[in-house]
Visitor: 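If you scroll down you'll find the structure; I have some questions about it.
All values below were derived from every heavy atom in this structure, side-chain atoms included, with hydrogens, water molecules and symmetry-related copies excluded. Quick caveat: nothing in here was measured; it's all calculated off a predicted structure. Naming convention: chains lettered A, B, ... in sequence-line order (proteins, then strands); numbering from 1 in each chain.
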Amino acid sequence: MMTNFWYCLLCSLGIILIIMLIMMFRKKSLLDKLNYVFAMNTIIVLLILVVGFKDGREDMYIDIALSYSILGFVTSVILAKYIGGRRK
Amino acid sequence: MTIQMIIAVALIIVGLFFMIASLIGIIRLPDFFARLHAQGVGDTLGAFLILAGMMVWTGANLLSVKILLIFIIIVLTNPLGTNLMMIAAINRVDYQGYASKMKGEESSDQYENKDESESEPELAPEPEPEPAPEPEPEPAPEPEPEPAPEPESEPAPEPEPESAPESEPEPEALTASEKDKEKTSDEKKKHDPKQSDRGKKKGKNGKKPQNKKKPRKRKPSMNMNKAELTSIAEGMGLEIPEGSTKRQILDLIYSSKKN
């Protein structure tokens, strides 16, 4: 019963992720793409957690999600700084 | 099926609702800043609720402490990243067409123009570049930073705001020099350092600049007033016709320097 719930959550988050990926490739502006990447980062962290809960091995997947959230934030900050330049 | 599981499932479903709302907002909203707002607010709240549901699911454990750590990281970094993207967007193009409004052109949102102009190619080349020495006669939307009063001795046929440090009264052709000063102030607006910096950045990224930029570089001699220019031209041995404007004196000087 509860594995079905985690499966549904996994499918819906995956559908959101795929829609965001498609829209990221369809947008023309560079900052829109950056916005989508930053939104996908949060969803991927949640997706890793949900996969862990579905398998019943959340103690392993939580560490991966922790490191992924930090790395995704650092990537987004560096990209935003590179595109926008320094504050005047 | 305990009460703990029911609370966890309810929290996760509400969080999923906010995630879907954020997705719809990030696709459907018209402006870039509105999309940024939808992403920042909706994603943070959705992640907050889903992680709270997972914490309720695991119970008081070491796992819930780790999920709390992920939650703290996401709540700290998501608005921070949104803010950085907003700063990047403001530094990259002019904010809501403000700089083009200052130039007297019609206001155009840069993001919408970018999307449309890359989708349909006939908008991509710039329309006819407006000739540089004739500025638009319509008034600027903001007043000049230092409006100095007219000198008392001269009759002023058209009261124009005039920048203070350059105002030396020229008895013969005051109106011509005033027009020239108006031109120079308009050129100063066009050569705003931010805009040229932006143009440089766009050129570095391989995109063509959106703003209409004048091809001619600004030289320091354009800042002088008419008396100094006249003395310089006489020092170079040039004939200056009577009643010539500052623009004509400048053209004479540049053409003689080329030869």
Visitor: Which pair of heavy atoms, one from I67(B) and one from F53(A), lies closest together, and at what distance?
Guide: CD1-CZ, 4.0 Å
Visitor: Can you see which heavy atom on I12(B) is nearest to which on F5(A), and at what distance?
Guide: CG2-CZ, 3.8 Å
Visitor: Quick one: of I50(B), L69(B), N78(B), who has the most non-hydrogen atom pairs under 4.5 Å with chain A?
Guide: N78(B)
Visitor: Of all heavy-atom pairs between I26(B) and Y36(A), which one has the smallest distance, and what is that distance?
Guide: O-OH, 2.9 Å
Visitor: Show your reasoning for whether side chain to side chain contact (heavy atoms under 4.5 Å, CB included) applies to I70(A) and T77(B).
Guide: CA-CA 9 Å; I70(A) 298 174; T77(B) 59; over 6 Å; no
Visitor: In terms of heavy-atom proximity below 4.5 Å to chain B, should L9(A) be classed as side chain, backbone, both, or neither?
Guide: side chain
Visitor: Using side-chain contact (heavy atoms from CB on, under 4.5 Å) as the criterion, point out the one residue from N61(B), T58(B), L63(B), L62(B) that pairs with D59(A).
Guide: L63(B)
Visitor: Of the backbone (N, CA, C, O) and the side chain (C-beta and beyond), which part of V50(A) lies under 4.5 Å from a heavy atom of chain B, both, or neither?
Guide: both
Visitor: Looking at CZ of R35(B) and CG of N35(A), how far apart are the two atoms once the value is rounded to the nearest 0.5 Å?
Guide: 8.0 Å
Visitor: Quick check: do L23(B) and I43(A) have side-chain heavy atoms less than 4.5 Å from each other?
Guide: no
Visitor: Could you measure the distance from the CG atom of D63(A) to the NZ atom of K66(B)? Nearest 0.5 Å is fine.
Guide: 3.5 Å
Visitor: Return the CG to CG distance between L31(A) and L36(B), rounded to the nearest 0.5 Å.
Guide: 9.0 Å
Visitor: Locate the shortest heavy-atom distance separating F73(A) from L80(B); write the atom from each residue and the value.
Guide: CZ-CD2, 3.6 Å
Visitor: Just how far is it from atom CG of L84(B) to atom NZ of K81(A), taken to the nearest 0.5 Å?
Guide: 5.5 Å
Visitor: Please give me the minimum heavy-atom distance between L46(A) and M54(B), naming the atom from each residue.
Guide: O-CE, 4.3 Å
Visitor: Distance from S69(A) atom OG to I74(B) atom CD1, nearest 0.5 Å?
Guide: 6.0 Å
Visitor: In Å and rounded to the nearest 0.5 Å, what is the OG to CG distance from S12(A) to L16(B)?
Guide: 4.0 Å
Visitor: Counting only non-hydrogen atoms closer than 4.5 Å, does N41(A) touch chain B with its backbone (N, CA, C, O), its side chain (CB onward), both, or neither?
Guide: neither
Visitor: Which heavy atom of T42(A) sits nearest a heavy atom of A47(B), and at what distance?
Guide: CG2-CB, 3.8 Å
Visitor: Is it the side chain or the backbone of I27(B) that comes within 4.5 Å of chain A heavy atoms, both, or neither?
Guide: both
